[in-house]
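Note that the coordinates shown come from a computational prediction; the quantities given were computed from them, not determined experimentally. All ligand and atom numbering here is 1-based and tracks the order in the structure.
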Amino acid sequence: MDKLQISGGVALRGEIAISGAKNAALPLLCAALLTREPVTFTHVPHLNDIGTMLRLLEQMGVKVAREAGKVPGGTHSAGAGDTVTLDASALDNPLAPYELVKTMRAAILVLGPLVARAGEAKVSLPGGCAIGARPVDQHIKGLTAMGAEISVEHGYVHAQATRLKGARIFTDMVTVTGTENLMMAACLGAGETIIENAAREPEVVDLATCLNAMGARVSGAGSDVIRIQGVDALHGATHRVMPDRIETGTYLCAAAATGGDVRLTGTSSAYLDAVIDKLMDTGCEITAERDAIRLKAPARLNAVSIRTAPYPAFPTDMQAQFMAINAVADGTAVIRETIFENRFMHAVELIRLGADIKIDGNTAFVKGVAELQGATVMATDLRASASLVIAGLVAQGETVIERIYHLDRGYEALDQKLIALGAHVARLK
Ligand code: UD1
């Protein structure tokens, strides 16, 4: 299993390009299930989760073609193969097996599109994962309201419907993939569906934009009420995946923690208000350009307290990275996690690097220390791993991060991008 070796203490400097967003690409790829015509996505990141989703779609009968994309000016874009065309005309096996779903909870996103288009879906329950129970009851509740007959047997959700019908759905909590699943399913339903308490995440908006380009009639995405007028069929389209706001935020944190000066291109500060606001409170100077963000860090950061909540508030997917920067900041930060019940596993690993962190339920108290020391640490989930990378970049001496397959699930070319910013990083096979 690959490891990441980091020699810390180098301030990150320079410029890198941000990749397409994992959390936008995953639902977008599933949207291709809704039509018999080919759908093309550009700016698709090279990530293990994307590979898993493509394998899942392939075994359902979807034809997958991946090729190098072009960027304006005619040159090949950074990652060859970032254009993916999906053809679901021969969809014949509406099944998502446990072996694939267990590695990636987002596989549940096939449920809505499959039942809407094929009239049937059998999708494994994702089960527990490192950051909490994460049930899918809201996905099931919404599809049931649309007329699907759903049973849960032998660890699988089995859904059937001749044609879904419009419904008014109020989700008990804000759920991102739940909103996306129901929005996709409703596109082919008969009549109007209204999703209330909908997730407002930019990835939901990106999906709605793509669905509308495919002939859907979705309005209100980005607000907490989304209306979908069902249509009889969707058609093909081409859609560019939005930039990854969490990857953007992670590199901003890495630059901040190391006292660096970086410019991130192909991204936008528009989706990152809560994160940028907090980074400015740490003392960083941030310049937002039209398609780029520059961050200049002070010699030492001020501690900043955060509380995670659904968009547009501070994202839970940036909580771990902010724990890492607070570990070396001046003062004490209070970090409240309100989305997932067990998302502080990085704290014990950060403590092994010398951080001073106390946990009380869903609250972490982080007292900044003068320096961290390198050690061998274990990555436990995707964003936890990112926080260990940031800590390793600041720590004195060498840090080895084990189980970096978590990072490969969600950060495209992480080691190369860090090296491009001057970090001393090596991937050990
Ligand atoms: C998505 C993101 C993930 C992010 C999370 C919260 C993708 C692929 N993943 O995950 O990176 O951390 O949003 O911003 O976009 N819940 C239920 N029942 C449900 C659905 C959710 O109880 O049916 C609970 C969850 O356990 C959790 C909360 O609702 O406590 C929010 O979860 P949700 O927004 O659904 O997370 P995901 O969509 O899985």
Side chains of Q160 and E149: do they bring a donor and an acceptor to under 3.5 Å? no
Is it the side chain, the backbone, both or neither of I339 that has a heavy atom closer than 4.0 Å to ligand 1? both
Centroid-to-centroid, F314 to F322, below 6.0 Å? yes
Quick check on E203 - does any of its heavy atoms sit under 4.0 Å from an atom of ligand 1? no
Is the closest basic N to carboxylate O distance between E203 and R245 below 4.0 Å? yes
N or O pair under 3.5 Å between F340 and ligand 1: no
Among D317, D381, T179, N181, which residue places a heavy atom closest to atom 11 (O) of ligand 1? D317
Ligand 1 to V174, heavy atom cutoff 4.0 Å, flagged ligand atoms 31 (C), 34 (O)
Check: T83/T42 side-chain N/O donor and acceptor closer than 3.5 Å: no
Could you list which atoms of ligand 1 come closer than 4.0 Å to a heavy atom of V136? 19 (C), 23 (O)
Please work out, at 4.0 Å between heavy atoms, whether the side chain, the backbone, both, or neither of T175 comes within that distance of ligand 1. both
Heteroatom distance test (D137, ligand 1): nitrogen or oxygen, under 3.5 angstrom: yes
Ligand 1 versus R105, non-hydrogen atoms closer than 4.0 Å: side chain, backbone, both, neither? side chain
Please determine if K417 and E247 form a salt bridge, counting it only when a charged side-chain N lies under 4.0 Å from a carboxylate O. yes
Note: E196-R168 ion pair, threshold 4.0 Å (strictly below): yes
Contact between ligand 1 and P135 is defined here as a heavy atom of the residue under 4.0 Å from a ligand atom; is it met? yes
M173: numbered ligand 1 atoms lying under 4.0 Å from its heavy atoms: 16 (N), 17 (C), 18 (N), 22 (O), 29 (O)
Flag for D206-H239: side-chain donor and acceptor within less than 3.5 Å: yes
Taking a cutoff of less than 4.0 Å between a non-hydrogen atom of the residue and any ligand atom, is R343 in contact with ligand 1? yes
When you look for heavy atoms under 4.0 Å from ligand 1, do you find them on the side chain of Q138, its backbone, both, or neither? both
Side chains of N362 and E341 only: does a donor on one sit below 3.5 Å from an acceptor on the other? no
A cation-pi test, strictly: NZ or CZ of K122 under 6.0 Å from the centre of the six-membered ring of Y156 and no more than 45 degrees from its axis. Yes or no? yes
Does R403 come within less than 4.0 Å of D381, counting only side-chain N to carboxylate O? no
Hey, which atoms in ligand 1 end up nearer than 4.0 Å to a heavy atom of H139? 23 (O)
Is any side-chain N of the basic residue among D317 and R343 closer than 4.0 Å to the acidic one's carboxylate O? yes
Non-hydrogen atoms of D49 versus ligand 1: any pair closer than 4.0 Å? no
Is the closest N or O pair between V176 and ligand 1 shorter than 3.5 Å? yes
Under 4.0 Å to a heavy atom of T316 - the qualifying atoms of ligand 1, by number: 6 (C), 12 (O), 14 (O)
Proximity to ligand 1 by part of T177, non-hydrogen separation under 4.0 Å: both
